[in-house]
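These notes concern the structure reproduced below.
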Amino acid sequence: MTGISNAGEHSTRANKSQNKEALAMESLKSLDEFESRAIKQISKKAWSFNYAAAGDLISKSLDREVYRSILLRPRVLVNVKECDMSTTIIGQRVGLPIFVSPMAMARLAHPTGEAGISAACGVFGAMHIISNNASMTPEEIVAGAAPEQIFGFQLYVQTDRTESEAVLMRINKLSAIKCIVLTVDEPVQGKHELGPRGFERYDDAQTEVPTQPEEPSQPGTDVKVAIPSVSGPASDAEWDITLQWLAKHTSLPIIVKGIQTYEDAEVAATYAHVKGIILSNHGGRVLDTAPPAIHTLLEIRKYCPDVLEKLDIMVDGGIRRGTDVVKALCLGARAVGIGRPAFWGLGAGGIAGVERMLQR
């Protein structure tokens with residue numbers, strides 16, 4: 001009887017903790033607030049991993065600021081009582097025009113890791129693109145997914161192509177994964193920096209008294225990539241050779257991520273097995289002063305608008321408000337991706353944090 005009683009008490013404490021955490025998430029109104037809460041709860045290593053970007057963080061800052069410079073032109077007296085937010089991405093029905101971009105090492109933020117992000121996406125029917133450098137295997141991430149849940153898998157082509165071929169063999173066996181997201185904007189690793197304030201922002205947050213759940217489950221700092229690269233990213237990859245090679249090793253549709261000019265968007269549209277592109281500067285993490293995705297989208301609208309009809313064009317980087325999403329969609333994007341906010345949401349409150357973040 002004692003054991004049963006203790007178990008009941010433990011269950012009650014756990015429920016109380018979950019309820020407190022849910023209430024804490026309800027109080028968060030913006031993505032900035034998720035970041036602030038996460039900073040108080042995650043390690044310095046985890047914070048710096050997610051916060052840092054290349055050079056002087058110019059591209060990272062521009063990604064966000066550009067949306068503030070775009071004004072909406074509201075039309076009125078339109079019936080908006082019932083709105084359908086679903087759309088299609090490469091022919092797959094999704095519940096939101098928002099997807100989670102590939103974010104590596106999610107277990108740095110919370111023990112549930114990428115599986116936690118996936119669980120939150122499943123609530124809304126949002127697509128989750130699994131990072132090539134995830135801290136969980138793709139099999140683990142999709143294991144608990146609902147039958148209709150949609151995933152993509154990010155692929156970095158490795159110098160030793162047999163490494164990537166082995167990964168593709170695994171991905172081809174997972175029916176939940178509907179596309180390969182070929183990331184092309186990091187032929188060499190970016191030089192990540194924290195900006196002029198360095199760790200000041202993190203250190204300042206630690207001086208405040210954080211609001212913690214009763215029984216917090218702290219993420220570890222010894223997190224590793226589940227599918228490590230041995231040979232490193234291929235710096236010799238080229239359009240024809242790479243896409244022909246990829247088509248031999250998967251029949252999944254391909255989305256090319258990291259397009260930053262209208263010229264490359266035109267090139268991508270010439271390949272039959274490329275069904276979409278993600279305009280992205282990698283969150284400013286690779287090449288500083290690379291353009292924000294919206295600038296590239298405007299280039300495409302001006303110089304090669306026919307590409308908008310040939311491909312599903314998506315954007316990521318700097319999305320912080322629902323109005324940012326609307327602006328991107330109005331300018332021709334099929335959907336928008338969020339990366340860092342998913343990490344902050346996970347760090348702020350686990351699965352519940354990512355769910356609430358997607359609502360914001």
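Just the heavy atoms: all of them, side chains too, but no hydrogens, waters or symmetry mates, feed the values below. Values in this document were obtained by computation on a predicted structure and should not be read as measured data.
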For this session: Verify side-chain contact (heavy atoms from CB on, under 4.5 Å) between Arg321 and Arg64, making sure each step is shown before the conclusion.
Result: CA-CA 10 Å; Arg321 294 283 185 180; Arg64 183 171 180 174; over 6 Å; no
Exercise. Is it true that atom NZ of Lys44 has more than 12 heavy atoms of other residues, nucleotides or ligands lying nearer than 6.0 Å?
Worked result: yes
For this session: Taking atom NZ of Lys224 as the centre, report whether more than 12 heavy atoms of other residues, nucleotides or ligands fall under 6.0 Å from it.
Result: no
Problem set entry | side-chain hydrogen bond (donor to acceptor under 3.5 Å, both in side chains) assessment of Ser131 paired with Asn133 | CA-CA 5 Å; Ser131 171; Asn133 295 326; 4.9 Å; no
Problem set entry | Criterion side-chain hydrogen bond (donor to acceptor under 3.5 Å, both in side chains) on Ser30 and Asp32, from CA distance to verdict | CA-CA 5 Å; Ser30 71; Asp32 287 341; 4.9 Å; no
Problem set entry | More than 12 heavy atoms from other groups under 6.0 Å of CZ on Phe199 | yes
Exercise. Are any non-hydrogen side-chain atoms of Ile130 and Val142 less than 4.5 angstrom apart?
Worked result: yes
Exercise. Is any side-chain heavy atom of Arg201 closer than 4.5 Å to a side-chain heavy atom of Leu194?
Worked result: no
Seminar exercise, completed: For Leu287 and Ser59, the nearest pair of non-hydrogen atoms, with its separation, is O-OG, 3.7 Å
For this session: Classify the side-chain pair Ser135/Glu114 by whether it contains a donor and acceptor separated by less than 3.5 Å.
Result: yes
Exercise. Within a strict 4.5 Å, meaning less than it, do heavy atoms of the Leu246 and Leu155 side chains meet?
Worked result: yes
Exercise. Do Lys275 and Asp312 come within less than 4.5 Å of each other through their side chains, counting heavy atoms only?
Worked result: no
For this session: Check whether more than 12 heavy atoms from other residues, nucleotides or ligands sit under 6.0 Å from atom CD of Glu263, and answer yes or no.
Result: yes
Exercise. Under the 6.0 Å and 45° cation-pi test, does Arg285 pair with Phe49?
Worked result: yes
Exercise. Ile241: which other cluster members, linking ILVMFWY side chains closer than 4.5 Å, directly or transitively?
Worked result: none
Exercise. Could you walk me through whether Phe99 and Phe151 pass the side-chain contact (heavy atoms from CB on, under 4.5 Å) check?
Worked result: CA-CA 9 Å; Phe99 59 91; Phe151 292 85; over 6 Å; no
For this session: List the steps, then state whether side-chain contact (heavy atoms from CB on, under 4.5 Å) holds for Val167 with Phe153.
Result: CA-CA 10 Å; Val167 172; Phe153 182 81; 3.6 Å; yes
For this session: List for me each residue that meets side-chain hydrogen bond (donor to acceptor under 3.5 Å, both in side chains) alongside Asp185, sequence neighbours excluded, and say none if there are none.
Result: His282
For this session: Check each of Leu279, Ile278, Val181 against Met314 using the side-chain contact (heavy atoms from CB on, under 4.5 Å) test, and report the only one that passes.
Result: Ile278
For this session: Report the C-alpha distance between Asn50 and Leu108 in whole Å, list the side-chain angles of each, state the deciding distance to 0.1 Å, and finish with yes or no for side-chain contact (heavy atoms from CB on, under 4.5 Å).
Result: CA-CA 9 Å; Asn50 199 43; Leu108 283 175; over 6 Å; no
Exercise. Is any side-chain heavy atom of Phe343 less than 4.5 Å from a side-chain heavy atom of Ile42?
Worked result: yes
Exercise. Is there side-chain contact between Leu31 and Met357, with heavy atoms separated by less than 4.5 Å?
Worked result: yes
Problem set entry | Contacts of Glu140 that satisfy side-chain hydrogen bond (donor to acceptor under 3.5 Å, both in side chains) - sequence neighbours left out | Thr137
Exercise. Parallel, tilted or perpendicular: which describes the rings of Trp239 and Tyr271, with under 30° parallel and over 60° perpendicular?
Worked result: parallel
For this session: Might you point out which heavy atoms bring Phe34 and Gly353 nearest each other, and give the distance in Å?
Result: CE2-O, 3.4 Å
